[in-house]
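Atom set for the values below is all heavy atoms of this structure, side chains included, hydrogens, waters and symmetry mates excluded. Just so you know, these numbers come straight off a predicted model, no measurement behind them. Below, chains carry the letters A, B, ... as their sequence lines are ordered, and counting in each starts from 1.
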There are 2 protein chains.
Amino acid sequence: MLPQPIPVELAEIIAQRLRIIGDPTRIRLLDALRSGERSVNHLTEQLGTSQQNASKHLGMLLQAGIVSRRKQGTTSWYAIADDSVLALCEQICGALQAQLEELSAIVGPTR
Amino acid sequence: MLPQPIPVELAEIIAQRLRIIGDPTRIRLLDALRSGERSVNHLTEQLGTSQQNASKHLGMLLQAGIVSRRKQGTTSWYAIADDSVLALCEQICGALQAQLEELSAIVGPTR
DNA sequence: CCAGAGTACCACCGTGCAGTTGTACATAGG
DNA sequence: CCTATGTACAACTGCACGGTGGTACTCTGG
């Protein structure tokens with residue numbers, strides 16, 4: 001599926017994508033959106049951060065096409081538009097768990 | 001598999017992991033290692049970067065447990081230790097292609 | 001028309017990181 | 001030994017980014 005020598009441009013696109021998701025606040029925003037559509041106010045309170053910060057990160061996720069925005073009155077409702085990002089986090093956690101199991105096997109092999 | 005409210009610490013770990021992979025040079029290093037074990041010198045020439053830069057990024061990937069190092073004489077041989085990173089890139093590309101197809105469907109729906 | 005709520009944008013600051021330069025270390029060859 | 005080769009580490013610089021404060025804009029309710 002991937003071309004054998006990945007061109008520099010594609011490497012930069014992939015890297016940019018990974019860096020967009022690679023932020024604790026944005027990961028927590030996406031996590032909060034797993035339950036469904038949420039307003040900025042709700043997300044701000046759930047994360048315990050400032051409204052400006054939440055809006056800023058949601059704007060970045062929106063521009064990247066990872067979330068979608070729906071305006072109703074004065075409130076904006078955000079939702080996950082790209083389900084693959086959650087699978088990405090799952091995969092990361094899976095790799096981490098595999099590494100931890102290897103380490104524990106080395107530390108305590110006979111036990 | 002993932003806990004429902006992702007704890008802040010886990011979000012930071014996932015984010016750090018994504019940021020480590022989210023660099024064009026490191027993605028190209030991992031891509032070059034898809035063909036098998038390679039020396040620093042070989043990777044330096046293949047990427048067209050400096051030896052110091054390649055060594056620096058390889059050190060980061062090594063510390064993260066993504067690649068492995070084997071020293072023989074004066075040369076260091078690096079190899080991919082965590083195959084899931086390649087699947088990660090594949091997934092990113094898949095999501096990008098899906099988004100592109102959606103866009104092209106909007107731009108030229110009858111053609 | 002006015003006040004308040006909800007949201008987004010802008011400027012700023014501090015931090016972290018990518019790339020470069022210089023250099024130290026280890027090993028093989030003569 | 002002495003030199004060359006291959007690699008890793010430290011310091012520096014420029015730049016991008018995360019968080020914050022301030023503010024403008026929009027819509028709703030009175």
Side-chain angles (χ1 to χ4, degrees), chain A residues 6 8-9 11-33 37-79 81, chain B residues 6 8-33 37-79:
Chain A
I6 294 185
V8 185
E9 297 83 7
E12 287 176 355
I13 293 176
I14 298 176
Q16 187 185 2
R17 186 88 173 187
L18 285 169
R19 291 181 77 91
I20 286 182
I21 313 174
D23 179 78
T25 303
R26 291 192 282 272
I27 288 180
R28 293 177 65 207
L29 281 172
L30 293 172
D31 173 47
L33 289 176
E37 206 179 30
R38 292 287 183 270
S39 69
V40 178
N41 215 1
H42 179 91
L43 294 170
T44 297
E45 292 176 358
Q46 185 165 349
L47 294 202
T49 181
S50 66
Q51 178 271 323
Q52 293 96 326
N53 196 22
S55 174
K56 188 174 182 177
H57 287 294
L58 286 169
M60 295 178 69
L61 292 172
L62 177 66
Q63 194 170 5
I66 300 176
V67 300
S68 63
R69 183 206 285 168
R70 180 176 67 88
K71 293 195 176 185
Q72 180 187 16
T74 60
T75 75
S76 290
W77 297 87
Y78 284 89
Chain B
I6 294 184
V8 185
E9 297 84 7
L10 182 57
E12 287 177 354
I13 292 175
I14 298 175
Q16 187 184 2
R17 185 89 174 186
L18 285 170
R19 289 182 78 90
I20 286 181
I21 313 174
D23 178 78
T25 303
R26 290 192 282 271
I27 288 180
R28 293 178 65 209
L29 281 172
L30 292 172
D31 173 47
L33 290 176
E37 206 180 30
R38 291 288 183 270
S39 69
V40 178
N41 213 2
H42 179 91
L43 294 170
T44 297
E45 292 177 357
Q46 186 165 347
L47 295 202
T49 181
S50 66
Q51 176 270 323
Q52 293 92 329
N53 197 23
S55 174
K56 188 175 181 176
H57 287 295
L58 287 170
M60 295 179 69
L61 293 173
L62 177 66
Q63 193 170 5
I66 299 175
V67 300
S68 62
R69 183 206 285 169
R70 180 175 68 87
K71 292 196 174 185
Q72 180 188 16
T74 61
T75 75
S76 289
W77 298 87
Y78 284 89

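- Each of A:G59 and B:H57 was matched to the nucleotide of DNA chain C holding its nearest heavy atom; the match closer to the 5' end belongs to A:G59.
- The NE2 atom of B:H42 sits 12 Å away from the P atom of D:dT7 (whole-angstrom rounding).
- In this structure, B:D23 places its CG atom 17 Å from P of D:dC15, rounding to the nearest Å.
- Each of A:N53 and B:S55 lies near DNA chain D, and the nucleotide nearest B:S55 is the one positioned closer to the 5' end.
- Heavy atoms only, all atoms of each residue included: B:V67 and B:L30 are closest at CG1-CD2, 3.8 Å.
- The CG atom of B:L61 sits 15 Å away from the C1' atom of D:dA8 (whole-angstrom rounding).
- Looking at residues two or more places apart in sequence or on another chain, you find no side chain to side chain donor-acceptor pair (under 3.5 Å) involving A:Q51.
- In plain terms, the two heavy atoms of A:L29 and A:A54 that are nearest each other are CD1-O, 4.2 Å.
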Just the atom pairs and distances: protein N or O near nucleotides 22-25 of chain D's N or O, under 3.5 Å.
residue	atom	partner	partner atom	Å
D:dG22	N7	A:Q52	NE2	3.4
D:dG22	O6	A:Q52	NE2	3.2

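- The closest side-chain heavy-atom distance from A:N41 to A:T75 is not below 4.5 Å.
- Listed by first and then second residue, the side chain to side chain donor-acceptor pair (under 3.5 Å) pairs that reach into residues 9-21 of chain B are B:R17-B:D82, sequence neighbours excluded.
- In this structure, A:T25 OG1 and A:L43 CG are separated by 12.0 Å, a value rounded to the nearest 0.5 Å.
- Listed by chain and residue number, A:S68 satisfy the side chain to side chain contact (heavy atoms under 4.5 Å, CB included) test with A:A81 (two or more places apart in sequence, or in another chain).
- The minimum heavy-atom distance between B:L18 and A:G22, with the atom names listed, is CB-CA, 3.8 Å.
- One interatomic measurement links the two molecules: CZ of A:R19 to C1' of D:dC17, which rounds to 8 Å at whole-angstrom precision.
- Residues forming a side chain to side chain contact (heavy atoms under 4.5 Å, CB included) with B:R26 (at least two apart in sequence, or on another chain): B:I20, B:D23, B:H57, B:M60, B:L61.
- Going from atom CZ of B:R70 over to atom P of D:dG6 covers 16 Å, rounded to whole Å.
- Rounding to the nearest 0.5 Å places CD1 of B:I21 at 11.0 Å from CD1 of A:I21.
- Residues A:A11 and B:I27 come closest through the heavy atom pair O-CD1, 3.6 Å.
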Using nucleotides 28-30 of chain D, report all nitrogen or oxygen pairs with the protein that are shorter than 3.5 Å.
none

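- Taking the salt bridge (Lys or Arg N to Asp or Glu O under 4.0 Å) definition, one finds that B:R38 meets it with nothing, sequence neighbours left out.
- Bracketed by its first and final contacts, the part of DNA chain C lying under 4.0 Å from non-hydrogen atoms of chain B reaches from C:dA18 to C:dA28 in 5' to 3' order.
- Contact check of residues 24-33 of chain A against DNA chain D (heavy atom, cut-off under 4.0 Å) returns A:T25, A:R26.
- Residues passing the side chain to side chain contact (heavy atoms under 4.5 Å, CB included) test with B:E37 are B:R70, B:W77, B:A79, sequence neighbours excluded.
- Here B:Y78 does not reach the OP1 or OP2 of D:dG6: none of its side-chain N or O atoms lies under 4.0 Å away.
- Summary for the helix from C:dC1-D:dG30 to C:dG30-D:dC1: the axes at its two ends, each from 5 pairs, differ by 20° when rounded to the nearest 10 degrees.
- For B:S50, the side chain to side chain contact (heavy atoms under 4.5 Å, CB included) test picks out B:Q52, B:N53, with sequence neighbours left out.
- When heavy atoms are screened at a 4.0 angstrom cut-off, B:S76 is found touching the sugar-phosphate backbone but no base atom.
- Taking every heavy atom of both residues into account, A:Y78 and A:V40 meet most closely at CE1-CG2, 3.5 Å.
- Two residues are said to be in side-chain contact when any heavy atoms from C-beta on lie closer than 4.5 Å; A:R28 and B:I6 fail this criterion.
- Put simply, CE on B:M60 is 15 Å from C1' on D:dA10, counting in whole angstrom units.
- Note on B:R69: a side-chain N or O is less than 4.0 Å away from OP1 or OP2 of D:dA8.
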